[in-house]
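Keep in mind that what you see is a predicted model, and the values were worked out from it rather than measured. All chains are named by letter (A, B, ...) in the order of the sequence lines, taking the proteins before the strands, and each is independently numbered beginning at 1.
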Amino acid sequence: MPGKAWLALLWPTARALPELERLACWAGRFTPHLALAPPRALLLEVGSTLRLFGGETALCRRVRQDLQKEDEVLPVLALAGTPQAALWLAEGGGPLVSFSADALDALPLQRLSWPAGCLERFAACGLRRLGALRQLPRGEAMQRIGVAAMSCVARAYGEEPDLRVEFVFPPRFCQRLDLPAPAVSTEALRFGAHRLLAALGGWLAGRRQGVRRCVFGLLRHAARDELELTCSAATADVTRFERLLHERLARLTLTAPVGTLELSADAPEALPALQGDLFAADAVEEGGLIERLLARLGEAAVYRLAPQADHRPEAATRKVSAIGTASRRMAADTGGDVAVGRHPFWLLEHPLPLEERHGQPWLRGPLLLLSGPERIESGWWQGEANDVRRDYFIARTADARRAWVFRDLGASGWFLHGWFA
Amino acid sequence: MRPAGARETAGERWPRNGEGTTLAGLLARPDIRLGSTYSAPALPTVASGFAALDAVLPGGGWPRAALTELLFDGPGCGEVSLLRPALRQLSLSGGWALLVDPPLQLHAPAWTKAGFDLAHLVVVRLAAAQTARRAGSGGSHEALWAAEQALASGAPQAVLVWAASTDARAVRRLQVAAAGSEALAFLCRPWRARHEASAAPLRLGLQVEPQGRLAVHLVKRRGPPLAMPVYLPWWSDEGEEGDAREGLVGAPLADRARAA
């Protein structure tokens with residue numbers, strides 16, 4: 001197997017110009033080393049990754065399959081020892097995988113791309129095949145055909161080094177995709193979003209990094225909507241973002257057709273090493289669920305709880321983010337400063353005013369006070385509204401449940417505030 | 001007449017010199033089964049933490065991979081205390097629980113004091129669904145979705161769902177989701193729902209009594225019906241302090257841990 005192998009992806013001229021930069025990001029999944037060959041080709045250095053993908057044919061099949069999955073226009077693939085040779089093999093349409101000079105020799109000159117004017121000169125010299133051009137004495141060929149063209153030939157055969165500008169994966173991922181037709185349904189958006197996410201996946205693979213969040217921009221003439229997708233931890237697995245996106249799109253109604261999709265992601269992070277972490281799989285699984293719940297139901301509806309040092313029962317619980325281990329640790333550590341008496345598991349959002357009959361609080365029957373009072377008094381420094389002066393009692397209802405009721409010492413009157421369970 | 005082989009094995013273990021003819025001897029024979037003892041298939045369960053309850057639950061505890069219905073009216077029927085030992089046990093082994101649409105807010109200090117690790121509880125409360133439910137249009141759709149997702153993901157070790165209005169189809173969907181998972185799955189419904197047919201293999205009714213006992217009615221279980229409720233300690237008026245409260249419902253579990 002050769003040390004270097006270049007895979008050329010050449011998109012057919014009959015179709016629209018390929019978006020090379022997006023495709024280059026996408027191709028990051030196959031190799032981190034690649035070069036753009038405008039206007040229609042990408043060159044991937046795959047010598048180091050061929051074995052990983054199971055050889056030449058397997059790699060080519062995989063590239064085609066992946067492109068088909070994204071519904072991209074299929075390019076011609078050719079694999080050779082130098083980038084120029086790969087590109088020419090793709091153009092010439094001969095054998096598509098070849099590391100020998102013979103295959104290059106047989107390429108028809110007319111089908112290859114050359115510096116301007118070369119094709120006429122070939123015709124004038126009666127040259128048909130690349131082999132014939134190469135057999136011309138070097139000095140004569142330089143004179144008659146041109147230096148630039150002959151150095152192309154030398155590079156193709158590996159006689160001269162081919163110094164190409166390597167594609168640099170941008171530090172911030174931001175790609176746009178013009179939809180073939182303005183999307184009126186979220187279904188059509190999904191299709192375009194899938195392509196962009198595939199590019200993001202390649203970009204991350206090429207950088208060997210992951211991101212925690214990405215933002216979809218839905219662009220129409222002047223307006224722009226944004227969908228932000230957040231994972232619990234940095235990930236390079238774009239299918240997780242895709243699942244989140246599907247939850248969001250399922251609840252989205254488009255008010256106007258969307259012409260362009262934009263996907264951006266920044267602050268990529270190094271991915272944690274997988275080895276040694278026994279719980280990595282669990283963490284991902286749990287994160288996946290909570291991410292999906294959050295994406296569909298919103299942050300206000302999905303949360304963990306933590307006690308908060310406050311005497312007022314209604315302020316003694318705070319919501320913390322359901323995501324992430326940091327917040328979990330926080331939830332476990334803080335709070336608990338305020339010693340509580342016997343408090344109920346359930347609390348009413350707003351205390352419910354109770355009737356008073358014969359000097360007793362009444363809830364579908366008399367409430368029998370079992371124990372109390374527990375005086376709770378605090379919050380005066382937070383203003384009139386938060387000033388709390390209450391005597392709490394545990395009361396038995398007519399159906400034998402235990403309620404948490406209080407008598408408001410300020411406004412007077414009985415209130416139901418919670419249930420023991 | 002039984003086949004000779006069976007007779008031989010029975011004969012080995014149970015000598016026939018008169019012993020097999022007494023009633024007790026007959027009942028002790030392994031090839032004779034009493035109708036009132038349920039056939040106990042090897043169900044994966046989690047000990048409820050109450051010996052009296054475990055004794056009547058098929059498999060000896062809360063079933064995994066099956067939906068358990070808790071039927072009671074309103075919050076405050078001992079539902080949290082009943083599940084507390086099992087949830088704590090799961091949380092100690094690193095599991096966490098998802099609470100879907102509890103009817104009221106959780107009062108964090110009380111849960112912490114009762115020994116719950118709040119980091120191991122995730123709450124889903126759907127304000128929109130609640131308003132819809134009040135309007136009577138069956139707004140527990142999202143709650144059902146969340147519960148199904150949770151059970152399908154296998155991430156939480158326990159999923160508790162509160163639903164005021166759940167039709168038989170929703171219960172069936174939850175049971176199917178639960179059957180495909182390892183988690184404990186509980187569905188809290190009003191007591192009146194006991195008259196409806198349900199796909200859940202285990203259904204318990206909860207009722208608190210004036211003296212503070214919790215009566216657990218076995219509305220349905222795999223095995224023979226149980227006419228009498230199981231009584232569990234729930235409330236003690238002396239239980240003002242945290243320690244006493246701890247002893248109240250936590251004791252059975254502690255005993256078990258010591259015994260094990």
Side-chain angles (χ1 to χ4, degrees), chain A residues 279 282 285-290 292-293 296-298 300-308 313-314 316-320 322 325 327-333 335-336 338-349 368 370-371 374 394 396-397 399-404 417-421, chain B residues 73-82 84 94 96 98 101-114 116-129 142-143 145-146 149-150 152-156 207-213 234-235 237-242 244-245:
Chain A
F279 300 102
D282 280 347
E285 184 64 330
E286 174 189 336
L289 169 69
I290 293 181
R292 266 177 298 142
L293 295 181
R296 172 135 159 189
L297 309 172
V302 183
Y303 49 86
R304 291 178 212 257
L305 298 168
Q308 178 159 282
E314 55 267 50
T317 305
R318 74 197 156 87
K319 296 179 182 179
V320 293
T325 45
S327 60
R328 281 221 231 164
R329 212 173 303 122
M330 213 167 59
D333 286 349
V338 179
V340 292
R342 197 176 190 178
H343 280 194
F345 285 126
W346 303 118
L347 218 54
L348 273 66
E349 255 108 313
L368 180 69
L370 296 178
S371 65
E374 182 195 356
I394 298 170
R396 194 170 76 200
T397 62
D399 57 354
R401 290 186 292 161
R402 264 61 169 175
W404 205 39
H417 203 181
W419 291 102
F420 293 87
Chain B
D73 280 331
C77 286
E79 65 275 17
V80 179
S81 302
L82 180 69
R84 190 180 74 133
W96 57 282
L98 186 74
D101 244 1
L104 294 174
Q105 277 181 340
L106 280 71
H107 184 43
W111 289 72
T112 312
K113 200 175 166 190
F116 284 98
D117 181 354
L118 289 177
H120 289 239
L121 292 181
V122 176
V123 181
V124 173
R125 276 194 87 196
L126 303 151
E142 296 281 40
W145 173 85
Q149 293 291 313
S153 78
Q207 227 166 7
V208 289
E209 301 199 330
Q211 315 83 12
R213 281 196 309 184
W234 172 58
W235 186 270
D237 287 330
E238 296 86 59
E240 286 262 290
E241 295 308 313
R245 187 184 166 80

>> Please check: side-chain N/O of A:Arg401 versus main-chain N/O of B:Pro75, any donor-acceptor pairing under 3.5 Å?
In response: yes
>> On a heavy-atom basis, which atom in A:Pro307 and which in B:Pro109 lie closest, and how many Å separate them?
In response: CB-N, 4.4 Å
> NE2/A:His343 to OG1/B:Thr112 distance, rounded to the nearest 0.5 angstrom?
Replying inline: 12.5 Å
> Atom CG of A:Leu297 and atom CG of B:Leu126: how far apart are they, to the nearest 0.5 Å?
Replying inline: 5.5 Å
> How many angstroms lie between CZ in A:Arg396 and CD in B:Glu209, if you round to the nearest 0.5 Å?
Replying inline: 11.0 Å
> What's the shortest heavy-atom distance between B:Ser153 and A:Leu289, and which atoms?
Replying inline: OG-CD2, 3.7 Å
>> Which heavy atom of B:Leu118 sits nearest to which heavy atom of A:Ala306, and what is that distance?
In response: CD1-CA, 4.1 Å
>> Between B:Leu82 and chain A, with a heavy-atom cut-off of 4.5 Å, which part of the residue counts as in contact: side chain, backbone, both or neither?
In response: neither
> Will you find, in the side chains of B:Glu79 and A:Trp346, an N or O donor that is under 3.5 Å from an N or O acceptor?
Replying inline: yes
>> Between A:Ile394 and B:Trp235, is there a side-chain heavy-atom distance shorter than 4.5 Å?
In response: yes
>> Quick one, A:Arg296 and B:Glu142 - any side-chain contact, counting heavy atoms below 4.5 Å?
In response: yes
> Of all heavy-atom pairs between A:Phe345 and B:Ala110, which one has the smallest distance, and what is that distance?
Replying inline: CE2-O, 3.7 Å
>> Is there a side chain to side chain contact (heavy atoms under 4.5 Å, CB included) between B:Leu104 and A:Leu348? Walk through the geometry before answering.
In response: CA-CA 6 Å; B:Leu104 294 174; A:Leu348 273 66; 3.9 Å; yes
>> Please report the interatomic distance CG(A:Leu305) to NE2(B:His107), rounded to the nearest 0.5 Å.
In response: 11.5 Å
>> Within this structure, what is the CZ-CG distance for the pair A:Arg304 and B:Leu106, rounded to the nearest 0.5 Å?
In response: 13.5 Å
>> Could you go through B:Asp73 and A:Asp399, starting from their C-alpha distance and side-chain angles, then the distance that decides it, and tell me whether this counts as side chain to side chain contact (heavy atoms under 4.5 Å, CB included)?
In response: CA-CA 10 Å; B:Asp73 280 331; A:Asp399 57 354; 5.8 Å; no
> Do B:Trp111 and A:Thr317 pass the side chain to side chain contact (heavy atoms under 4.5 Å, CB included) test, and can you show the C-alpha distance, the side-chain angles, and the key distance before you say yes or no?
Replying inline: CA-CA 10 Å; B:Trp111 289 72; A:Thr317 305; over 6 Å; no
> Atom OH in A:Tyr303, atom CG in B:Leu121: separation rounded to 0.5 Å?
Replying inline: 11.5 Å
> Any idea which heavy atoms bring B:Trp145 and A:Arg292 closest together, and the distance?
Replying inline: CH2-O, 3.8 Å
> Considering all heavy atoms of both residues, which atom of A:Ala400 and which atom of B:Val208 are nearest to each other, and what is their separation?
Replying inline: O-CG2, 3.3 Å
>> Is B:Gln211 close to chain A through its backbone or its side chain, or both, or neither, when contacts mean heavy atoms under 4.5 Å?
In response: backbone
